[in-house]
Each structure stands twice: as structure tokens, then as C-alpha cells.
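All chains are named by letter (A, B, ...) in the order of the sequence lines, taking the proteins before the strands, and each is independently numbered beginning at 1.
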Protein chains: 4
Amino acid sequence: MDYYPRPSHADWTYLQKYGIKASSGGGRSSARETIGRVAASAIAEKYLKSAFGIEIVAFVSAVGNVRMEPMEDYEDAQDKGAWLEKWHKWWSYLNGVQRKDVDANEIRCPDPVVAEKMKQRILKAKEDQNSIGGVVQCVIRNVPTGLGEPCFDKLEAKLAHAMLSIPATKAFEIGSGMAGTQIPGNVHNDSFVQNDGRMRTETNFSGGIQGGISNGEDIYFKVAFKSVATIGQEQETAKYTGAAGVLAAKGRHDPCVLPRAAPIVESMAALVIMDMVLQQEARKGAASHLQKSDIPPVLTGKLEGAM
Amino acid sequence: MDYYPRPSHADWTYLQKYGIKASSGGGRSSARETIGRVAASAIAEKYLKSAFGIEIVAFVSAVGNVRMEPMEDYEDAQDKGAWLEKWHKWWSYLNGVQRKDVDANEIRCPDPVVAEKMKQRILKAKEDQNSIGGVVQCVIRNVPTGLGEPCFDKLEAKLAHAMLSIPATKAFEIGSGMAGTQIPGNVHNDSFVQNDGRMRTETNFSGGIQGGISNGEDIYFKVAFKSVATIGQEQETAKYTGAAGVLAAKGRHDPCVLPRAAPIVESMAALVIMDMVLQQEARKGAASHLQKSDIPPVLTGKLEGAM
Amino acid sequence: MDYYPRPSHADWTYLQKYGIKASSGGGRSSARETIGRVAASAIAEKYLKSAFGIEIVAFVSAVGNVRMEPMEDYEDAQDKGAWLEKWHKWWSYLNGVQRKDVDANEIRCPDPVVAEKMKQRILKAKEDQNSIGGVVQCVIRNVPTGLGEPCFDKLEAKLAHAMLSIPATKAFEIGSGMAGTQIPGNVHNDSFVQNDGRMRTETNFSGGIQGGISNGEDIYFKVAFKSVATIGQEQETAKYTGAAGVLAAKGRHDPCVLPRAAPIVESMAALVIMDMVLQQEARKGAASHLQKSDIPPVLTGKLEGAM
Amino acid sequence: MDYYPRPSHADWTYLQKYGIKASSGGGRSSARETIGRVAASAIAEKYLKSAFGIEIVAFVSAVGNVRMEPMEDYEDAQDKGAWLEKWHKWWSYLNGVQRKDVDANEIRCPDPVVAEKMKQRILKAKEDQNSIGGVVQCVIRNVPTGLGEPCFDKLEAKLAHAMLSIPATKAFEIGSGMAGTQIPGNVHNDSFVQNDGRMRTETNFSGGIQGGISNGEDIYFKVAFKSVATIGQEQETAKYTGAAGVLAAKGRHDPCVLPRAAPIVESMAALVIMDMVLQQEARKGAASHLQKSDIPPVLTGKLEGAM
């Protein structure tokens with residue numbers, strides 16, 4: 001019998017919302033639901049790769065406090081040059097990381113040394129009949145400029161929506177993310193530089209998006225996943241009736257979802273980029289039928305003066 | 001003349017997207033655009049307060065490394081009890097903070113001592129012809145249970161979308177957020193307890209949302225704002241033509257947007273909650289016309305057995 | 001081999017749109033696609049019946065020139081009183097017609113005498129290796145007042161959209177429809193009359209919708225279906241290559257789709273009403289949480305004065 | 001004082017829906033609302049003309065029983081050849097009619113002889129303190145092939161939605177419309193013929209749309225407008241209180257809206273076509289980035305065999 005709404009699961013809220021509940025597991029609230037997202041994204045990714053050479057790589061960058069990414073706060077850094085160097089190394093890493101490296105181990109962390117530490121951390125959680133969370137990093141390379149809408153549907157807003165729709169997520173950070181709140185403007189600004197006939201930025205704290213629109217640099221973001229709610233330990237918690245009780249999960253359950261979360265993050269990234277490609281192609285396709293003379297000089301004149 | 005796409009502004013991406021650009025400032029990319037959001041939300045907030053007693057308070061919790069919220073990582077904490085105590089204090093603070101305290105100073109930080117430190121940090125940025133970012137915390141109290149959709153439109157996903165659509169935002173964290181990646185399941189799980197005839201949770205790492213659906217606890221989240229891109233210092237950056245140059249902003253500009261960001265965060269929160277209320281009322285209203293006998297026992301039987 | 005785009009089918013336009021075509025039949029353009037609509041509507045109809053007592057009856061009212069409904073134009077009518085009497089009889093018929101009468105014969109025409117004539121008309125078409133079209137009438141009874149949105153999503157606009165999305169449809173008429181263009185205002189206006197404590201209209205040329213919003217009277221409309229495009233006769237028509245040729249359909253095909261169209265019309269009607277119920281319940285549910293004192297007197301005062 | 005819900009107006013339904021009503025006229029229910037549609041469409045029409053040479057002409061084709069279009073039912077026609085000839089003449093007329101001819105008289109009927117009869121019919125209605133309805137025909141020329149979606153958003157479904165969202169409309173007919181229900185398949189089918197290197201149809205009963213998708217032929221449809229509800233004659237009708245009474249409209253009101261309806265029909269047609277262009281350009285633009293080798297042979301092989 002199913003006496004307990006499991007703590008930090010959807011059992012109780014689902015019941016509150018619908019007045020009914022699924023007969024087992026979490027029903028529609030189970031992350032099994034994401035299978036449809038992954039299936040759809042396989043087509044989107046294939047298109048994006050073929051049409052634009054877009055590559056999407058998502059990987060586990062943290063499990064508990066075992067982390068890959070630069071973590072030092074700018075204002076805490078003694079050596080600002082060394083601090084910046086770490087970010088340049090990170091951007092370079094993201095630019096080069098390959099999915100085959102991600103899939104080379106069961107943790108889906110492309111750095112084998114860190115992956116081993118993560119594995120130990122997860123095994124420790126398992127041993128404790130406990131669970132642990134972590135972070136998935138995702139990089140999207142070769143995105144054309146111009147994707148994303150300027151107001152409500154900024155590209156980072158669509159990505160944030162997509163990522164927080166994945167079960168167990170707690171945070172989304174684009175580019176410099178939370179760390180960017182401390183980096184002063186003169187360091188955080190990504191200066192423009194002409195490179196191989198193409199406008200580039202020298203740094204990439206923006207994470208490939210400016211004003212909600214892709215600028216052609218690598219788009220990268222991180223997604224936080226909480227520790228799994230189902231644990232083997234006994235938990236004091238109320239029954240549906242309100243009466244106090246003790247719940248202990250039985251059966252098979254993961255101590256950490258991170259390795260299985262990376263493909264879902266990648267999938268949702270592909271679906272968002274695909275949507276934004278379609279939206280921008282509508283605009284570009286429609287504009288392609290116009291003559292230059294159709295566009296009022298007031299919209300192009302000043303710019304040409306500037307250029 | 002307007003020779004430069006300003007670094008980390010929307011000038012260049014906007015031009016890439018549309019082939020044209022606004023004649024001055026950022027045009028549609030300017031945060032002035034948010035005035036319409038704030039105006040609309042005034043009606044939404046009034047409704048939410050009147051209908052459900054919902055209160056939304058957003059405030060500046062960090063400017064650079066001057067911070068109000070608990071920041072210590074769980075795994076770094078020597079005294080786990082003291083660590084948890086800080087979170088309980090923070091939940092209590094969020095439960096009590098009032099907008100009049102927020103509006104009591106020009107920083108929009110409700111703690112006058114911290115506000116003064118933030119002010120000094122901002123003045124330092126101004127003196128340096130530089131800029132600084134920070135964090136807006138937002139709490140939504142008295143939200144009815146059942147808001148938010150179970151799959152793509154989870155309540156936190158809608159909030160993340162809304163918050164990342166505000167200019168200059170870089171991150172969104174719901175509940176325990178990024179910190180939640182380190183807190184093990186046995187601590188992070190919010191146990192249920194019956195209280196005054198109402199199901200409550202003893203902790204609130206979930207941030208008032210479970211399985212994408214509100215559980216009646218305080219919803220709280222934080223939003224990161226980067227340092228302002230417009231600075232008085234000279235910046236080496238390319239012109240629209242690609243030629244290298246030096247840009248220095250003239251005229252009036254803010255060294256920190258945080259005090260002006262808090263009302264926008266509050267506004268977007270109100271609009272999201274209003275949308276989700278309407279969506280849930282559609283379902284509840286439709287269901288209210290059914291007889292109990294219309295609902296197949298398969299959907300209620302097991303539950304009744306459990307309860 | 002498939003050399004010919006079939007005349008008045010989707011073969012050629014589908015190819016123009018997508019650059020590819022289905023391997024047989026009409027693929028996604030086949031009316032087989034409507035099976036999903038009918039399945040979904042079974043749930044909607046059940047809800048609408050249970051919650052509001054809504055009844056939806058669709059039936060074949062015309063095959064070729066064999067017709068049930070009043071057809072005489074107002075301006076042609078010698079006896080205006082007799083003309084109006086026919087409409088009253090028609091409204092009364094629509095108010096009483098039952099699905100069991102519709103399903104009593106294979107034509108799905110509830111008048112057995114007319115049904116027999118229709119059957120003969122269809123058999124004639126079959127004999128001629130030709131085809132014939134007709135009309136489906138639909139009545140929706142016991143619709144609550146207030147469904148439909150005042151501007152773009154008027155209830156009749158949503159119904160028209162739904163009906164013209166059914167394959168082979170050519171026209172939609174709500175209430176008096178095309179005939180209403182000739183009926184002068186003093187006759188066409190549906191005067192109000194209090195009846196059993198409820199506001200009713202004495203006539204129903206409006207078809208149960210005024211200003212895009214349901215008024216509680218029977219909603220009725222008709223949908224025109226063209227003659228089936230697939231016929232056994234030889235047709236001179238170009239091949240995909242552009243070369244002239246002669247096409248003759250082989251295999252099994254219907255000379256008239258009307259009997260099978262009625263359930264699809266009924267289904268789409270149910271789905272539209274269900275959508276509009278949800279939309280209106282959102283508004284009513286949200287309003288139900290307000291106190292009367294929340295509503296500014298400017299919005300109610302004048303009205304109360306009038307009443 | 002405002003004691004009466006005007007018959008066949010939105011006064012009563014609006015009050016039922018919202019619980020409040022506009023202080024005068026019809027508020028949001030007034031056709032004055034369409035000004036925004038007409039303004040927006042001016043941009044859409046300019047684009048459609050410039051990009052594709054699309055021309056949209058809407059005109060008054062009937063007032064009461066004064067009509068321009070072919071009206072004889074197929075099955076009533078003695079001479080089927082003469083009947084078909086009338087349709088060919090009508091298609092030719094629609095293909096050539098110009099807006100300057102429409103705007104040449106105050107009725108907006110491009111045939112000056114018929115326009116004069118319509119004028120007399122309207123003056124008669126005015127003299128009688130009565131009103132009269134009519135029909136607006138609309139033709140859209142030079143529409144590219146491929147617009148419209150195959151299932152729910154068929155091009156005729158979008159047009160029907162748009163047209164029935166205009167106040168006072170009662171019917172929408174695409175191509176042969178209601179008349180098409182009687183025309184047998186061998187006549188109604190539009191045979192293909194290669195013409196100037198382009199696939200055309202010999203007849204156009206389809207009205208330029210097949211399977212929901214434009215085929216490059218002229219799109220034409222008609223929209224029925226009922227007689228104006230506001231009339232000078234006294235009408236027996238109930239007050240808001242339910243009490244019987246007599247209402248007589250005061251002030252200025254039109255005996256016929258048709259001349260003013262034509263531009264609104266044209267506007268909504270432009271907005272629909274513009275929307276469908278954007279939707280199709282998204283698909284075409286996205287496909288333009290693919291190599292031929294990206295498309296599986298299964299999708300093109302059979303077709304190439306056929307061609």
C-alpha cells in the first residue's frame with residue numbers, strides 16, 4: 001500500500017493539483033517522461049549538424065564538491081591574471097570537448113581522473129543509502145549569429161525554460177553565470193576583434209549570447225541537479241493522512257542521476273536551438289524575397305554611415 | 001557618429017539578426033522595454049494579493065561580494081548543524097521580509113547595514129569608471145498548491161524563462177539552487193509534517209515547488225545580474241568595420257543596475273504566477289461541474305485506500 | 001507506378017510544399033487522419049454532457065440537391081409569414097433531433113424519407129462512376145452563456161476554423177448563414193424575452209452566438225462537403241512530368257463522403273466547445289476568488305443603474 | 001439610461017461573459033476594433049506585393065438579392081455548358097478585377113451598374129428605418145504554391161477563422177463553396193495542365209487551395225454579412241430586468257455595412273497570407289541549409305521514379 005507522499009517528490013503536489021495520483025512510481029512526474037524529448041532531439045541534432053555543423057556536447061562537470069569548472073570568485077582572487085587564465089583554459093576546453101570522451105566512462109565526465117573521483121563520491125552515497133547531486137555543463141558550438149528573440153524569448157530564456165523543465169533541476173547559469181555578478185564591467189565585457197574576416201570576441205563571459213541573440217561564439221551553460229529524493233535511509237515524514245511515520249524506500253534506485261542527465265540536457269538544447277532556427281529562418285526567408293529598394297533608407301542609412 | 005558595436009551589448013547581435021539597428025541606445029534591446037512588464041504586473045499583483053493574499057517581495061541580496069544569503073557549501077561546512085541553522089534563519093527571513101523595508105533605502109536591500117556596504121561598493125565602481133553586478137532574491141508567499149504544469153511548463157521553468165528574459169541576467173536558482181547539488185538526499189529532502197490541519201514541509205530546500213507544482217510553501221529564487229556593460233573606462237574593441245579602435249562611453253550611465261532590477265524581477269514573478277493561476281483555474285473550474293460519480297474509481301480508489 | 005497528381009487531391013500541393021510526397025493514398029492528407037480527432041472528442045463530449053448536459057448532434061442534411069433545410073431566399077418569398085414559419089419549424093427540429101435517429105440509417109440523415117432519396121442519389125453517382133457532395137448540419141444544445149472570445153477567437157470563428165480543417169469542406173454557415181444576407185434587420189434581429197426566469201430570444205437567426213459569445217440558445221451551423229475527388233471515370237489531366245494523359249482511379253472509393261463526415265463534424269464541434277469552456281472557466285475561476293469590493297464601481301455602477 | 005440589451009448585439013452576451021459591460025456603444029465588441037487589423041495589414045500587404053507580387057482585392061458582390069456572382073445550382077441548370085461558361089467568366093473576372101474599380105464608387109462594387117442597384121437597395125432600407133446584409137468577395141492573386149498546413153491549419157481554415165472573426169459575419173465559402181456540394185466530381189475536379197512551363201488547373205472550383213495548401217491559382221472566397229442589428233424601427237424586446245419593452249435606436253447608424261466591410265476582409269486576408277508565408281519560409285529556409293544527400297532516398301526515390 002502507498003501510504004506516504006515521498007518527500008521532495010511530486011506525489012503530494014500532483015495530488016493537490018489533480019485530485020488524483022498515479023498508481024505507482026511518479027507516473028507522469030517520472031523522469032522516464034524525458035524519453036520522448038530525447039527521441040525528438042535525435043532528429044533535431046542531426047539536422048543542426050548537417051545544416052550548420054552545430055555540435056552539442058553535455059557532460060557531468062560536478063558531483064557533490066568534485067568539480068571541473070573554474071570556481072574561484074573574482075573578488076577573492078589574489079592574482080587576477082591567473083584567474084582570467086583559468087577562464088581562458090575553460091573556454092578552450094569547452095571548445096574542444098568531444099562526446100566520445102564523455103561517453104568513454106560511465107560517469108559521463110570527459111576527464112577520466114575527475115570521473116574516477118566522482119565515481120567514488122557516488123559509491124560513497126550508495127554505501128550510505130544516501131544520494132548526491134551535481135552539475136551538467138553543456139556547450140553548443142557553431143551556432144549561427146542571430147538566433148533568439150530580443151524581448152521575452154531571449155535565447156538564454158528559452159534555454160533556461162527547457163533546462164528547468166527537466167526533473168530534479170535547481171539552477172541554470174549562462175556564460176559567466178552567478179560568478180558574473182562579481183566580475184567588474186571592464187573585465188566582463190567581451191571586446192570585439194576582427195579575426196579571419198569574421199567578428200569575434202576576445203573573451204566569452206557572455207556565453208555566446210548578447211541581448212538574447214546568439215553572437216556566433218560557443219554557447220555554454222550549466223544546469224544544477226539536486227540529490228535524488230529516493231533514498232534507502234529511513235525518513236521521518238507524514239503519511240497522506242497527516243499522521244507521522246517513517247518511510248524507507250525499497251527496490252532499485254540511483255544514488256546520483258547526473259550520468260543519465262547529460263543526454264537529456266543535450267536533447268533539450270537541441271530542441272531549443274532547432275526552434276530558434278525555424279523562427280529566424282522564417283524572418284530571413286521572408287526578407288530574402290524583398291528588393292533592397294523595399295527597405296526604407298531610415299533603417300539602413302545611419303548604419304551605413306557608421307560602417 | 002556610431003562607429004562601435006558596444007562590447008557585451010546587443011548592438012552587434014541585433015544587427016546580425018535583423019540587418020538593421022536602432023538609431024540610438026539599444027532600441028528594443030534597452031531595458032526600458034521592461035516598463036510594459038512592470039505596468040502589466042501591477043494589475044496581476046493586485047489580483048493575486050486580493051484573491052489569495054499572495055505577497056511578492058524582491059530585493060537586492062548581493063552586490064559584488066557583499067552578500068546577505070547563506071553561501072557556505074554543505075561539504076565545506078565543519079558544523080552541519082550550524083550550516084542547517086543558517087538555512088532555517090534564511091527561510092525565516094524570507095518569510096518575513098517586507099517591501100517597505102526594501103524600499104527604505106536606495107539600494108533596495110532590506111538590511112540597512114548590508115545596504116550601506118553595497119552602496120560603498122557601487123560608489124567604488126563609479127569612482128573607477130567601472131561597474132559591478134549582483135543578485136536579486138525574490139520570495140512569493142501564500143501561493144496556493146497546485147500551480148505549474150507537470151512536464152514542460154513546470155513552475156520553476158516558467159519562472160526561469162521569465163527571469164532570463166530580463167536584460168543582463170546570467171543565472172536563475174530555485175530553492176537550494178546550485179548549493180543543492182552538494183546537499184545529500186537525507187538532508188535535502190523536505191519531510192512532510194501535519195501542521196494546523198495543513199500539510200507542510202519541515203525544511204524548504206525545494207523552494208516551494210515539487211515536481212514542477214507549487215506545494216504551498218514559500219517560493220524563493222535568486223537571479224544573477226552581470227556588471228553593466230556600459231563603462232566610462234576606455235575599452236579596446238573593434239569598430240563595425242572590423243578595424244581596431246578604442247571606445248569610451250560618454251554621458252550618464254549606472255555603475256550597477258541591481259536597485260532598479262528588483263521591481264522587474266517582482267513584476268515577472270507576478271505575471272508568471274498569474275498565468276499559472278489562470279491555467280489551474282481552467283482545470284479546477286471545469287472539474288467543478290462534474291459529479292463525483294463521473295470520475296472513474298480507478299483514479300480515486302487506490303488513493304482512498306492509501307488515505 | 002504513381003505518374004499522376006490526382007486532380008483536386010493534395011498530391012501536387014503536398015509535393016510543392018514539402019518537396020516529397022507520401023508513398024500511397026494521400027498520406028497525411030488522407031481523411032484517415034481525423035481518427036485522432038474523433039478519439040479525442042469522445043472524452044470531450046462525455047465531459048460536456050456530464051458537466052453541462054451539452055448535446056451535439058450532426059447529421060447529413062443534403063446530398064446533391066436533396067435537402068432537408070429551409071432554402072428559400074427571404075426576398076423571393078411571397079408569403080413572409082410562411083417563410084418565417086419554416087425557420088421556426090427548422091429551429092424546433094434542430095432542438096429535438098436525436099443521434100439515435102441519425103444513426104438509424106446508413107446515410108446518417110435522421111429523416112428516413114429524405115435519407116432514402118439521398119441513398120438513391122448516391123447510388124446514381126456510383127453507377128455513373130462519379131461522385132456527389134452535400135451538407136452536414138450540426139446543433140449544439142445546452143451550451144452555457146459566455147463561451148467565445150470577443151475579438152479574434154469568436155466562437156463562430158473557432159468553429160469555422162475547426163470545420164474548414166476537415167478534408168473536403170468548402171463552406172461554413174453559422175445560424176442564418178448566407179441566407180442572413182437578405183433578411184432585413186427587423187426580421188433578422190432576435191428579440192429578447194424573459195422565459196422561466198431566463199433571458200431567451202424569440203427567434204434564433206444568430207445561431208446561438210452574439211458578438212462571438214454564446215447566448216444559451218441552440219448553436220447550429222452547416223458545413224459543405226464537395227464531391228469526392230477520386231472517381232472511376234477517366235479524366236484528362238497532366239502527369240507529374242507535365243505531359244498530358246488520362247487517369248482512371250482503380251480500387252474501392254466512396255461516391256459520397258457525407259455519411260462518414262457527420263461524426264467528424266460532431267467531433268470538431270466538441271473539441272472547440274471544450275477549449276472554450278476551459279478558457280472561460282479560467283476567467284470565472286479566477287474571478288471567483290475576488291471579493292465584490294475588489295471590482296471598481298465604474299465597472300458595475302452603470303449596469304446596476306440600468307438594471 | 002441604458003435599459004436594453006440591443007437585440008442581436010453583443011450587449012447581453014458580453015455581460016454574461018464578463019459580469020460587466022461597456023459604458024456605451026458596444027465597447028470592445030464594436031467593429032471599430034478592426035482598425036488595428038487594417039493598420040497592421042497595410043504593412044503585410046505591402047510586403048506581399050513587393051515580395052511575391054501578391055494582389056488582394058475584396059469587393060461587395062451582393063447586397064440583399066442584388067448579386068454579381070454565379071448563383072444557379074448545378075443540378076437546376078438545363079444547359080450544363082452554359083452553366084460552366086458562367087463560372088469561367090467569373091474566374092476571369094476575379095482574375096482581372098482591380099481595387100481602383102472597387103474604390104470608384106461608394107458601394108465598393110466594381111460593376112457600376114450593379115453598384116447603382118445596390119445603392120438603391122440600401123437607400124430603400126434606410127427609408128424603411130431597416131437594414132440589409134450582403135456578401136464580400138475576395139480574390140488573392142499570385143500566391144506562391146505551398147502555403148497552408150496539412151491538418152488543422154489548412155489555408156482555408158485559417159481564412160475561415162479570420163473572416164468569421166469580423167463582426168456581423170455569418171458564412172465563409174472557399175472556391176465553389178456551398179454550390180460545390182452539388183457539382184459532381186467529374187465536373188468539380190480541377191484537371192492539371194502544363195502551361196508556360198508551370199503546372200496549372202483548367203478550372204478552379206478548388207479556389208486555389210488543395211489539401212489545405214495553395215496551388216498557385218487564384219484564391220477566392222466569399223464572406224456573408226448579416227443585416228445591421230441597429231435599426232430605427234421600434235422593436236419589442238426585453239429590458240436587462242427581463243421586463244418587456246420597446247426599443248428604438250436613436251442617432252446615426254448604417255443601414256448596410258458592406259461597403260465598409262470590404263477593406264476589413266482584405267486586411268484579414270493579408271494577415272493570414274503573411275502568417276502562412278512566415279510559417280512556410282521557416283520550413284524552406286531550414287531546408288535550404290541541407291545537402292541533397294541529407295534527404296533519405298525513401299523520401300525522394302519513388303517520386304523521381306514517377307517523374
Self-check item: chain A contact via B:Arg67 - side chain, backbone, both or neither, heavy atoms under 4.5 Å
Solution: side chain

Quiz prompt | chain A contact via B:Thr169 - which portion, at a heavy-atom distance below 4.5 Å | solution = backbone

Exercise. Mind checking the CD-CD spacing from B:Glu173 to A:Glu173? Nearest 0.5 Å is all I need.
Key: 5.5 Å

Self-check item: Heavy-atom donor-acceptor pair, A:Ser131 side chain to B:Gly185 backbone, under 3.5 Å
Solution: yes

Quiz item: How are the rings of B:Trp12 and A:Phe192 set to each other: parallel, tilted or perpendicular (split at 30° and 60°)?
Solution: tilted

Self-check item: Best-contacting candidate, B:Pro144, B:Gly146, B:Ala179, against chain A by heavy atom pairs under 4.5 angstrom
Solution: B:Gly146

Quiz item: How about A:Ile166 and B:Lys154: do any of their side-chain heavy atoms sit closer than 4.5 Å?
Solution: no

Exercise. Enter the distance from A:Gln16:CD to B:Leu147:CG here, rounded to the nearest 0.5 Å.
Key: 11.5 Å

Quiz item: Which one of B:Glu149, B:Arg198, B:Glu202 has the most heavy-atom pairs closer than 4.5 Å to chain A?
Solution: B:Glu149

Quiz prompt | A:Tyr18 portion near chain B, given a 4.5 angstrom heavy-atom threshold | solution = side chain

Self-check item: Per-residue contact mode, A:Asn186 against chain B (heavy atom under 4.5 angstrom)
Solution: both

Practice problem: Sort B:Ala244 into side chain, backbone, both or neither according to what part of it lies under 4.5 angstrom from a heavy atom of chain A. | Solution: neither

Self-check item: Greatest number of heavy atom pairs closer than 4.5 Å to chain A - which of B:Cys256, B:Pro167, B:Gly175, B:Ala168
Solution: B:Pro167

Self-check item: Least distance between heavy atoms, A:Pro7 atom then B:Ser191 atom
Solution: CB-CA, 4.2 Å

Quiz prompt | Heavy atoms of other groups near A:Gln194 CD, more than 12 under 6.0 Å | solution = yes

Quiz item: Is there a side-chain contact between B:Ile132 and A:Glu75 (heavy atoms, below 4.5 Å)?
Solution: yes

Exercise. Check whether any side-chain heavy atom of B:Cys151 sits under 4.5 Å from a side-chain heavy atom of A:Arg37, and report yes or no.
Key: yes

Quiz prompt | chain A interface, residue from B:Leu155, B:Ile183, B:Asp190 that has the most non-hydrogen pairs under 4.5 Å | solution = B:Asp190

Quiz item: Is any side-chain heavy atom of B:Met178 closer than 4.5 Å to a side-chain heavy atom of A:Met178?
Solution: no

Self-check item: Proximity breakdown for B:Asp153 and chain A, heavy-atom pairs closer than 4.5 Å
Solution: both

Practice problem: Go through A:Leu247, A:Val223, A:Ile213 and name the one with the most non-hydrogen pairs under 4.5 angstrom from chain B. | Solution: A:Ile213

Quiz item: Highest number of heavy-atom pairs under 4.5 Å with chain B: which of A:Ser176, A:Ala171, A:Ala224?
Solution: A:Ala171

Quiz item: Picking from A:Ala62, A:Gly180, A:Gly177, which has the most non-hydrogen pairs under 4.5 angstrom with chain B?
Solution: A:Gly177

Quiz item: Contact part of A:Lys226 toward chain B, heavy-atom cut-off under 4.5 Å: side chain, backbone, both or neither?
Solution: both

Quiz prompt | Residue A:Ala229 versus chain B: region with a heavy atom under 4.5 Å | solution = both

Exercise. Against chain A, label B:Asp73 side chain, backbone, both or neither, depending on which of its atoms sit under 4.5 Å from a heavy atom there.
Key: side chain

Practice problem: Would you mind checking which part of B:Met163 comes under 4.5 Å of any heavy atom in chain A, side chain (CB onward), backbone (N, CA, C, O), both or neither? | Solution: neither

Quiz item: Looking at side-chain heavy atoms only, is the closest gap between A:Tyr14 and B:Pro150 below 4.5 Å?
Solution: yes

Quiz item: Given the options B:Gly211, B:Ser165, B:Gly242, which has more heavy-atom pairs under 4.5 Å with chain A than any of the others?
Solution: B:Ser165

Quiz item: Side chain, backbone, both or neither: which part of A:Phe152 has a heavy atom under 4.5 Å from chain B?
Solution: both

Exercise. Could you tell me whether the side chain of B:Ser206 and the main chain of A:Ser8 form a donor-acceptor pair under 3.5 Å?
Key: no

Quiz item: Among B:Gly245, B:Gly148, B:Gly197, B:Ala125, who wins on heavy-atom pairs under 4.5 Å with chain A?
Solution: B:Gly148

Quiz item: With only heavy atoms counted, which part of B:Ser214 is less than 4.5 Å from chain A, the side chain, the backbone, both or neither?
Solution: backbone

Quiz item: Pick from A:Asp128, A:Asn130, A:Val228: which one makes a side chain to side chain contact (heavy atoms under 4.5 Å, CB included) with B:Pro184?
Solution: A:Asn130

Quiz item: Distance from B:His161 atom NE2 to A:Leu164 atom CG, nearest 0.5 Å?
Solution: 12.0 Å

Exercise. Measure the NZ-CZ distance between A:Lys170 and B:Phe172 for me, rounded to the nearest 0.5 Å.
Key: 9.0 Å

Self-check item: Proximal component of B:Glu156, with respect to chain A [non-hydrogen, under 4.5 Å]
Solution: both

Quiz item: Which answer fits B:Pro255, side chain, backbone, both or neither, if we ask what part of it has an atom under 4.5 Å from a heavy atom of chain A?
Solution: neither

Quiz item: Between B:Ile174 and chain A, which part of the residue has a heavy atom less than 4.5 Å away: side chain, backbone, both or neither?
Solution: both

Quiz item: What part of A:Arg121 lies closer than 4.5 angstrom to a heavy atom of chain B: side chain, backbone, both or neither?
Solution: side chain

Quiz item: Are the side chain of B:Thr13 and the backbone N or O of A:Asn215 linked by a donor-acceptor pair below 3.5 Å?
Solution: no

Quiz prompt | Any side-chain donor near an acceptor of the partner, A:Asn189 and B:His9, under 3.5 Å | solution = no

